[in-house]
Amino acid sequence: MVSIDVWNASVDFPIFDAKSRSLKKAVLGKVGGTIGTESRIPVIEALKDITLSLKDGDRVALVGHNGAGKSTLLRLLAGIYEPITGGSKIVGKIAPVFDLGVGLDPEISGIENIMIRGLFLGMSRKQMESKIDDIAEFSELGDFLQMPLRAYSTGMRVRLALGIVTSIDPEILILDEGIGAVDAAFMDKARDRLTDLVKRSGLLVFASHSDDLLMELCDSAIWMDSGRMKMQGTLREVLTAYKGRDPYENLSPEMLERLGVTAGGDS
Ligand SMILES: Nc1ncnc2c1ncn2[C@@H]1O[C@H](COP(=O)(O)OP(=O)(O)OP(=O)(O)O)[C@@H](O)[C@H]1O
C-alpha cells in the first residue's frame, strides 16, 4: 500500500543575489510565495506549515495562483525537496513527471530514450522492452524511433515523451501541468491513455490550471495560496471556492455522466 505523509513542513528558498532596488510603484502582488524580510538575505517562503496525509486510491488536484506553491509541494511530496521544518514519509515508488521533455537525450535514439526515461520513472528494462510496440503505435513515429532525437521536430518529441510517460505502471504518480501543454488534437488522443495511466497508479497528485483535465483525472483537491493549504476537500468544492463558481454547472449531461457526477450534487 502506498502513502505519503507530511507534517508541519516548510520549504524556503534563500536568494543570495537578489537586487535590492525597489520598484518605483509598490504593487501588492497576488502571485508568488511570501518574501521573508527578517534575515539580511531575502528568503522566499514557498511552503509554510503543510500537514497532509495521502493514501492509496487518492486522486488529488493542486490548484492555486502562479507561485502559490503547487510545484514546490509536488517536489516535497516526491522527496526531491527536504522540508526545513517538520518532516515527510513516503511509502511507495515515485514516478515524477514535472516536464515532459526532461530526461530525454537528443543524442540517442527514440528506442534508447524509451528505455532510459522508463528506468528513471521506476520501471525495469524488461518492463520497458514490453512497452516499445505500444509506444511506437501511439506516437506514430515509425522508423523515426531508430533515429537520434535531435532529428525530431518539437511535436515528435512531445509524442514520444507522452507515449513513454503514459506507458508506465506507477505506484505514486506526481504530475505537473506541463503534461496539459501539448497541442489540443494530440491531447485528445492522449486523453484516454492518461485516464488509463491514472487508473493504474496507486496514488495521483496533479497540479494544473486546466479544469477539464483536473475534472477528468482527480476527485479531491487542495487549494494552495501563498505557500499554505487554504482548503482541502472534494474537487468540486475546492474548484467552486477557488473559482467563485461551480465549474460543473455548465457541463453537458454527457460530460457529467462521463465524469460520474450528478448535475447538482457532489462529485
Ligand atoms: N528553485 C527556486 N528558487 C527560488 N524560488 C523558487 C524556486 N522554486 C519556486 N520558487 C518560489 O517559490 C514560490 C512557489 O513557487 P511554485 O513554483 O511552487 O508555484 P506554483 O504554484 O507551482 O506556480 P505556477 O502555477 O506559476 O507554476 C514562488 O514564489 C516562486 O517564486
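Throughout, numbering of the chain's residues begins at 1 and tracks the sequence. Since the model is a prediction, treat every value here as computed from it, not as a measurement. We count ligands from 1, going down the list as the structure has it; atoms in each ligand are counted the same way.
No side-chain donor-acceptor contact under 3.5 Å links Lys70 to the backbone of Ala207.
Counting atoms of ligand 1 from 1 in the listed order, those under 4.0 Å from a heavy atom of Ala68 are 19 (O), 20 (P), 21 (O). The Ala46 neighbourhood of ligand 1 comprises atoms 12 (O), 13 (C), with distances under 4.0 Å to a heavy atom of that residue. Of all atoms in ligand 1, listed by their number and element, those nearer than 4.0 Å to a heavy atom of Ile44 are 5 (N), 11 (C), 12 (O), 29 (O). Counting atoms of ligand 1 from 1 in the listed order, those under 4.0 Å from a heavy atom of Asn66 are 23 (O), 24 (P), 25 (O), 26 (O).
Atom CZ of Phe144 has 12 or fewer heavy atoms from other residues, nucleotides or ligands within 6.0 Å. Within 6.0 Å of CD on Glu137 lie no more than 12 heavy atoms contributed by other residues, nucleotides or ligands. More than 12 heavy atoms of other residues, nucleotides or ligands sit less than 6.0 Å from atom CD of Gln127.
Judged by the shortest distance from any of its heavy atoms, His209 lies inside the 4.0 Å radius around the atoms of ligand 1. Proximity of Gly69 to ligand 1 is established by a heavy-atom distance of less than 4.0 Å.
Each of Lys131, Arg193, Arg191 was scored for a side-chain contact (heavy atoms from CB on, under 4.5 Å) with Thr166, with one residue passing: Arg193.
For residues 74-86, every residue pair satisfying the side chain to side chain donor-acceptor pair (under 3.5 Å) rule, not counting sequence neighbours, is listed here: Ser10-Thr85.
Only the side chain of Ile15 comes within contact range of ligand 1, with a heavy atom under 4.0 Å; no backbone atom does.
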